[in-house]
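Here is the structure we will look at, set down as structure tokens.
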Amino acid sequence: MKNQDIPERLLNDQHMDSLSSFRMYQHTLDRTIDTHWHQFYELALVLSGTGIHSINGAPLRMGRGHVFLLTPADFHRIDPDPGQTLRLYNLIFTERMISDKLAGHLFERSNAYHCEYGQEEFTEAEREFERILSESAEWREHGDIIVQGCIERLLVDLSRSCPPSEKEEAVLPVHPSIRKALVYLQHHFRSPLLLEDVARLAGLSANYFSESFAKQTGLTFQAYVRDMRLQFAKSLVSATDLPITEICYASGFNTLAYFERAFKTRYRVSPGNLRRLEADLAGTVGV
DNA sequence: GGTGACAGAAAAGTAACTTG
DNA sequence: CAAGTTACTTTTCTGTCACC
């Protein structure tokens, strides 16, 4: 797979240069932002306006106080209501901006975070976002430490405000190295991955890593990564009309043949057929 | 709890093809 | 022309074992 074959939109974002680990925006949206995803984390707070926010294909109402955190494993789409302008703080950052401890805690859950802030929480969050804005507007000494503090406070508040639902109370590997690897995988599962590299990152030998990983997650390393990619691909198949080929590469697969094979083995149906089946179903139900 | 060697197993890629 | 299949090859992983 050569780079020139990958559709432009799937290559990683121009939004963040390699030097900085975060970027802060104040967005004003009056038109649809079509389905997209990032290599980094995205935290946002809606200041005003209303619309529909679809996270991984699931639509949610959004308005003032709506807050969400997306990981690189999520994709989303924003449709402002007709005549409405959405204003929001938008912060993107890489895992370098947060401590291992916080990353491990936040991203052990499977779903994206989203909830509605009350006035008090809203004011708190607004203050942190404002501080990040002012720190990034002009460089001052140790600005990075301030920003990191703001981001970490925002994230802790968010996790307190939207506790995980019962059903997703995942049992997590206790082994700190494996936890670290899982956080890394969540961030990088769409990129080429070698067990050896992830093992090194986790600080274990390849063999022992492979063994411990399987023991703690119940899946082998390869199966785990493949499942993450397939899950992402399946959501895209269902929620978008992107071509299957594009979804294949976007999900981290390098060949269409293998992708089709793996998809069919896992879901008993080829990607294209799944899309047609779901379209038919939606048609008969009248959605 | 952990490493390193190693063989066999499984995954992933290639290429050529069919289908609609 | 994109999607899907298949036989075949190459690469990578996993399980086992000896050892610390």
Side-chain angles (χ1 to χ4, degrees), chain A residues 1-12 34-37 39 57 72-73 75 77 100-101 104 108 171-284:
Chain A
M1 186 73 210
K2 292 121 281 174
N3 265 4
Q4 67 261 24
D5 295 340
I6 305 174
E8 183 73 37
R9 54 189 299 228
L10 305 180
L11 286 171
N12 261 308
D34 213 346
T35 305
H36 67 286
W37 51 91
Q39 187 94 324
F75 59 90
R77 169 194 171 104
D100 283 356
K101 183 182 169 195
E108 59 193 28
V171 185
L172 270 141
V174 266
H175 198 306
S177 302
I178 303 299
R179 289 175 74 110
K180 192 170 179 184
L182 290 179
V183 171
Y184 181 83
L185 288 183
Q186 185 166 36
H187 203 139
H188 297 276
F189 74 96
R190 290 192 301 257
S191 321
L193 285 171
L194 285 181
L195 175 139
E196 199 181 338
D197 297 337
V198 183
R200 195 179 311 119
L201 186 119
L204 297 174
S205 69
N207 269 348
Y208 187 59
F209 174 78
S210 167
E211 199 178 330
S212 309
F213 190 96
K215 208 174 279 174
Q216 306 232 353
T217 63
L219 284 173
T220 62
F221 173 77
Q222 275 183 321
Y224 187 93
V225 172
R226 189 196 52 218
D227 280 4
M228 274 189 101
R229 289 173 173 167
L230 284 174
Q231 235 169 64
F232 184 77
K234 181 166 180 269
S235 304
L236 280 180
V237 167
S238 303
T240 72
D241 52 7
L242 290 175
I244 303 301
T245 311
E246 202 170 312
I247 292 176
C248 159
Y249 299 131
S251 308
F253 293 94
N254 291 319
T255 59
L256 185 62
Y258 175 66
F259 169 64
E260 302 266 8
R261 193 194 301 158
F263 196 98
K264 192 157 186 179
T265 306
R266 178 84 162 73
Y267 300 115
R268 307 301 204 133
V269 57
S270 65
N273 276 334
L274 175 71
R275 181 175 277 166
R276 280 185 284 277
L277 279 172
E278 290 183 340
D280 288 350
L281 206 63
T284 47

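Scope of the values below: all heavy atoms of this structure, side chains included, with no hydrogens, waters or symmetry mates. So that the names make sense, note that chain A is the first sequence line, chain B the second, and so on, each numbered from 1.
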Taking the six-membered ring for Trp, are A:F232 and A:F75 parallel (under 30°), tilted (30 to 60°) or perpendicular (over 60°)? perpendicular
Relative to the ring of A:F209, is the ring of A:F213 parallel (under 30°), tilted (30 to 60°) or perpendicular (over 60°)? tilted
Distance test, side-chain N/O of [X] to OP1/OP2 of [N], below 4.0 Å:
| X | N | result |
| --- | --- | --- |
| A:R226 | C:dC13 | no |
| A:K264 | C:dG4 | no |
| A:Y208 | B:dT3 | no |
| A:N207 | B:dG4 | no |

Could you measure the distance from the NE2 atom of A:H188 to the CG atom of A:L193? Nearest 0.5 Å is fine. 8.5 Å
Between the CG atom in A:L185 and the NZ atom in A:K180, the distance rounded to the nearest 0.5 Å is 13.0 Å
Value in whole Å for how far the [atom2] atom of [N] lies from [atom1] of [X]:
| X | N | atom1 | atom2 | result |
| --- | --- | --- | --- | --- |
| A:N254 | C:dT10 | CG | C1' | 14 Å |
| A:E196 | B:dA5 | CD | P | 12 Å |
| A:Y224 | C:dC13 | OH | C1' | 17 Å |
| A:L193 | C:dC13 | CG | P | 9 Å |
| A:Y249 | C:dA2 | OH | P | 11 Å |
| A:F209 | C:dT14 | CZ | C1' | 13 Å |
| A:Q216 | B:dG1 | CD | C1' | 12 Å |
| A:L204 | C:dT14 | CG | P | 14 Å |

Can you tell which of [options] lies closest to the side chain of [X]?
| X | options | result |
| --- | --- | --- |
| A:P243 | C:dC13, C:dA3, B:dG4 | C:dA3 |
| A:I244 | C:dC13, B:dG13, C:dG4 | C:dG4 |
| A:S270 | C:dC13, C:dG15, C:dG4 | C:dG4 |
| A:R261 | C:dC13, B:dA5, C:dT6 | C:dT6 |
| A:E211 | C:dT16, C:dA3, B:dA11 | C:dT16 |
| A:T245 | C:dT14, B:dG13, C:dA3 | C:dA3 |
| A:A257 | B:dT14, C:dT16, B:dG13 | B:dT14 |
| A:L256 | B:dT3, C:dG4, C:dA2 | C:dG4 |
| A:T220 | C:dA2, C:dT14, C:dG15 | C:dT14 |
| A:E260 | C:dT16, C:dA3, B:dG2 | C:dA3 |

Heavy-atom nearest pair, A:L230 first then A:A262, reads CD1-O, 3.9 Å
Just do the side chain to side chain contact (heavy atoms under 4.5 Å, CB included) check on A:Y249 and A:R190 with the steps written out, would you? CA-CA 8 Å; A:Y249 299 131; A:R190 290 192 301 257; over 6 Å; no
Indicate, with a heavy-atom threshold strictly under 4.0 Å, whether A:R229 touches base, sugar-phosphate, or nothing. nothing
